[in-house]
Amino acid sequence: MLLEKLLEKLEYECVCGSVQTQVTDVVYDSRKKIGEGTLFICIVGASFDGHDYAAQVAEKGAGVLVVQKDVELSEEQGNRVTVIRVKDTRYAMAFISAAYFGYPAEKMQVIGITGTKGKTTTTYMVKSILENAGRKVGLVGTVEVIIGKEHIPAANTTPESYLLQEYFSRMVETGCDTVVMEVSSQALMQHRTQGFLFDYGIFTNMEPDHIAPGEHSSFEEYMACKGLLFRQCRVGIVNSDDSHWQTVLAGHTCDLETYGLKEGADLQAKDIKLAKEAGKLGVRFNVSGLINMEVEVAAPGKFSVYNGLTAIAICRHFGVAPKDIRKALLGIKVRGRIEPVKVSDEFTLLIDYAHNAMSLESLLRSLREYDPGRLVCLFGCGGNRSKLRRYEMGEVSGRLADLTIITSDNPRFEEPQDIIDDIKIGMAKTDGKFVEIPDRKEAIAYAIAHGQPGDIVVLAGKGHEDYQEIKGVKYPMDERILIADILAGR
């Protein structure tokens with residue numbers, strides 16, 4: 001492909017060489033194969049700088065370097081290599097990648113969902129609803145990327161722009177007409193979703209999160225990064241119940257519509273009722289405004305109402321009939337998101353990804369509304385992470401659960417018992433009862449063996465993960481398999 005074509009939507013300076021150069025491949029990782037005709041993008045990362053490898057990749061035969069600062073090349077390399085200078089190489093990579101793969105996003109309808117909570121569940125709801133209505137839908141998210149029948153485990157919520165465009169291209173090849181994706185604040189900050197326009201941008205909610213070195217310096221920056229989505233979409237669909245929505249939407253360039261539980265939203269959920277059967281929890285509610293219907297979501301809690309309402313707000317733009325929406329929402333089951341696993345007719349067991357105090361409190365408060373015989377919470381905390389998270393999660397579970405089973409999560413390079421001891425510091429601020437069982441399988445076996453009629457037992461923290469990370473190694477560990485093994489042994 002002609003270099004000039006790859007650069008057609010960018011402002012750039014050709015420092016040396018010619019934009020009439022032919023490009024055979026685009027690479028941004030110096031560890032990848034680099035040969036004659038390769039265009040190499042010098043990315044500046046948190047712990048590396050692609051500019052430091054410019055001479056090395058030129059020596060391997062790269063024909064084009066895309067840079068944002070000066071690089072040192074030999075005289076021979078300088079005479080042979082085309083150097084393109086841009087303001088930001090991450091931003092440029094998004095547009096170069098989109099052009100390289102033939103602008104695949106333009107051949108589908110693209111839905112982007114951002115917010116602190118609800119992204120993962122809502123993407124699966126949307127996929128289910130639209131596929132029930134006959135569309136072919138790709139998905140990009142925290143758990144996985146789905147392209148046709150292929151499921152690819154995800155490394156990031158939103159992949160690098162080159163990989164994202166490659167996924168889009170493969171989706172088009174398999175006949176997808178729609179893609180629904182989670183859009184993280186990090187991805188927006190690092191321009192991973194540039195190079196195309198979202199048809200629909202969705203804001204679910206906003207709470208302080210990801211405020212840390214290497215992530216966001218402040219809550220204000222976090223909100224500002226989320227807001228970038230609404231300068232890159234045609235229609236914005238936002239939760240107007242969230243107190244931060246107007247700040248997040250400041251400077252938006254899209255058409256706007258709102259949803260929520262409060263009066264004044266364009267799409268409103270009313271008359272919420274809890275649905276409880278043997279081993280199953282859900283919610284029923286009425287929707288009014290832009291579409292009118294009754295609906296039931298096969299997942300518990302107020303947040304399930306919001307997730308269902310978000311999905312309805314999106315899918316009504318695709319002309320989906322209410323009956324198809326109802327059918328999809330009633331059958332939805334998202335891996336690791338308040339996921340029910342049948343172990344008994346007498347009590348309910350759920351697996352959820354809640355791995356910080358904010359998400360754990362929201363989960364436990366929602367489950368409390370179902371008036372369980374006991375609310376039992378099993379969780380651990382990750383190693384080499386903030387001790388404050390451990391104290392807070394211990395305090396939340398001690399305050400809201402009738403019994404806490406403290407166990408191991410991903411200890412990484414710490415000792416599981418040290419992490420458990422930190423959790424117990426938070427527990428000590430409450431009157432909550434607890435047991436500590438470091439081995440997670442043994443802890444789950446204890447929870448099942450001691451389940452009582454009417455209990456709700458939640459295994460928190462691992463969710464969709466199917467591994468346990470110990471001293472740099474990820475060992476297979478899927479809670480669903482652990483439960484099956486426990487039941488078979490019992």
Side-chain angles (χ1 to χ4, degrees), residues 110-127 139-143 154 156-158 179-190 192-193 198-211 215-216 218-233 235-252 254 256-262 265-267 269 297 299 301-315 332 334 336-338 352-363 366 463-464:
V110 185
I111 304 161
I113 302 176
T114 199
T116 305
K117 297 184 293 187
K119 300 186 297 295
T120 299
T121 300
T122 304
T123 55
Y124 282 92
M125 285 180 168
V126 169
K127 186 176 191 296
L139 182 145
V140 179
T142 301
V143 178
N156 297 307
T157 295
T158 312
V179 57
V180 58
M181 62 179 288
E182 297 181 52
V183 184
S184 69
S185 54
Q186 283 283 97
L188 289 161
M189 181 172 69
Q190 295 179 354
R192 296 179 203 167
T193 59
F198 288 90
D199 293 283
Y200 302 97
I202 292 83
F203 169 69
T204 61
N205 50 62
M206 177 66 66
E207 294 182 26
D209 198 12
H210 301 290
I211 315 301
E215 293 189 272
H216 298 289
S218 66
F219 185 48
E220 288 70 27
E221 183 189 282
Y222 180 47
M223 288 193 289
C225 288
K226 291 288 191 189
L228 294 173
L229 177 61
F230 303 96
R231 303 178 192 185
Q232 198 191 330
C233 68
V235 177
I237 303 173
V238 302
N239 173 10
S240 57
D241 288 354
D242 188 274
S243 60
H244 303 291
W245 79 270
Q246 289 177 313
T247 302
V248 172
L249 270 291
H252 73 273
C254 56
L256 205 60
E257 61 184 56
T258 61
Y259 67 91
L261 276 58
K262 298 177 182 177
D266 296 324
L267 194 69
V297 178
K302 188 176 180 180
F303 47 79
S304 294
V305 178
Y306 277 112
N307 292 340
L309 192 60
T310 308
I312 293 168
I314 296 166
C315 292
I332 192 71
V334 181
R337 268 48 178 194
I338 42 180
D352 193 80
Y353 189 51
H355 60 287
N356 58 36
M358 176 178 64
S359 56
L360 187 64
E361 177 148 4
S362 176
L363 173 66
S366 294
H464 62 277

Would you say that Gln186 contacts Asn156 through its side chain, given a criterion of any heavy-atom pair below 4.5 Å between the two side chains? no
For Asp242, enumerate each residue passing the side chain to side chain contact (heavy atoms under 4.5 Å, CB included) test, keeping only those at least two apart in sequence or located in another chain. Phe203, Asn205, Met206, Asn239, His244
Tightest non-hydrogen contact, residues Gly112 and Val183, listed as CA-CG2, 3.7 Å
With Ala357, which residues qualify under side chain to side chain contact (heavy atoms under 4.5 Å, CB included), at least two apart? Glu392, Met393, Val396
Within the side chain of Thr122, is there an N or O that forms a donor-acceptor pair under 3.5 Å with the backbone of Ala311? no
Going by the rule side chain to side chain contact (heavy atoms under 4.5 Å, CB included), which residues pair with Ala154 if we only count those two or more places apart in sequence or in a different chain? none
I'd like to check Val238 versus Val248 (side-chain heavy atoms, cut-off strictly below 4.5 Å). Are they in contact? no
Considering non-hydrogen atoms only, spot the tightest contact between Phe230 and Ile202 and give its length. CZ-C, 3.7 Å
Report the C-alpha separation of Ile338 and Ser304 in whole Å, then their side-chain angles, then the decisive distance to 0.1 Å, and conclude whether the side chain to side chain contact (heavy atoms under 4.5 Å, CB included) test is met. CA-CA 10 Å; Ile338 42 180; Ser304 294; 3.5 Å; yes
For Met125 and Val297, work out which heavy atoms get closest and say how close. CE-CG1, 3.6 Å
Can you sort out the partners of His464 under ring pair (Phe, Tyr, Trp, His ring centres under 6.0 Å), two or more places apart, ordered by chain and number? Tyr353
Could you grab the distance from atom OG of Ser366 to atom CD of Glu361, nearest 0.5 Å is fine? 10.0 Å
Evaluate the criterion side chain to side chain contact (heavy atoms under 4.5 Å, CB included) for residue pair Val126 and Tyr200; output intermediate values, then yes/no. CA-CA 12 Å; Val126 169; Tyr200 302 97; over 6 Å; no
Sequence-distant partners of Ser362, side-chain hydrogen bond (donor to acceptor under 3.5 Å, both in side chains), two or more places apart: none
With sequence neighbours left out, the residues meeting salt bridge (Lys or Arg N to Asp or Glu O under 4.0 Å) with Lys226 are none
So, using ring pair (Phe, Tyr, Trp, His ring centres under 6.0 Å) as the criterion, who are the partners of Tyr124 when residues are at least two apart? none
Of all heavy-atom pairs between Ala265 and Gly260, which one has the smallest distance, and what is that distance? CB-N, 3.6 Å
Testing the basics here: between Cys254 and His252, what is the closest heavy-atom pair and its distance to 0.1 Å? O-CD2, 3.1 Å
Taking all atoms of both residues into account, what is the closest heavy-atom pair of Thr158 and Met181, and its distance? CG2-CE, 3.7 Å
Could you work out, with side-chain hydrogen bond (donor to acceptor under 3.5 Å, both in side chains) as the rule, every residue matching Arg192, not counting sequence neighbours? Gln190
Applying side chain to side chain contact (heavy atoms under 4.5 Å, CB included), name anything that partners Ala313, two or more places apart in sequence or on another chain. Ile237, Tyr259, Leu267
Find the distance between CG (Asp352) and CG (Leu363) and round it off to the nearest 0.5 Å. 4.5 Å
Examine distances only and state if a side-chain atom of Thr123 and a backbone atom of Thr120 form a donor-acceptor pair shorter than 3.5 Å. yes
With sequence neighbours excluded, tell me which residues meet salt bridge (Lys or Arg N to Asp or Glu O under 4.0 Å) with Lys302. none
Spacing of Leu228 atom CG and Met223 atom CE [to the nearest 0.5 Å]: 13.0 Å
Across all chains, not counting sequence neighbours, the ring pair (Phe, Tyr, Trp, His ring centres under 6.0 Å) partners of Phe198 are Phe196
Please report the interatomic distance CG(Leu229) to OG(Ser185), rounded to the nearest 0.5 Å. 11.5 Å
Results of side-chain hydrogen bond (donor to acceptor under 3.5 Å, both in side chains) for Thr142 - residues two or more places apart only: Thr157, Glu182
Between the main-chain N or O of Lys119 and the side-chain N or O of Thr204, is there a donor-acceptor pair closer than 3.5 Å? no
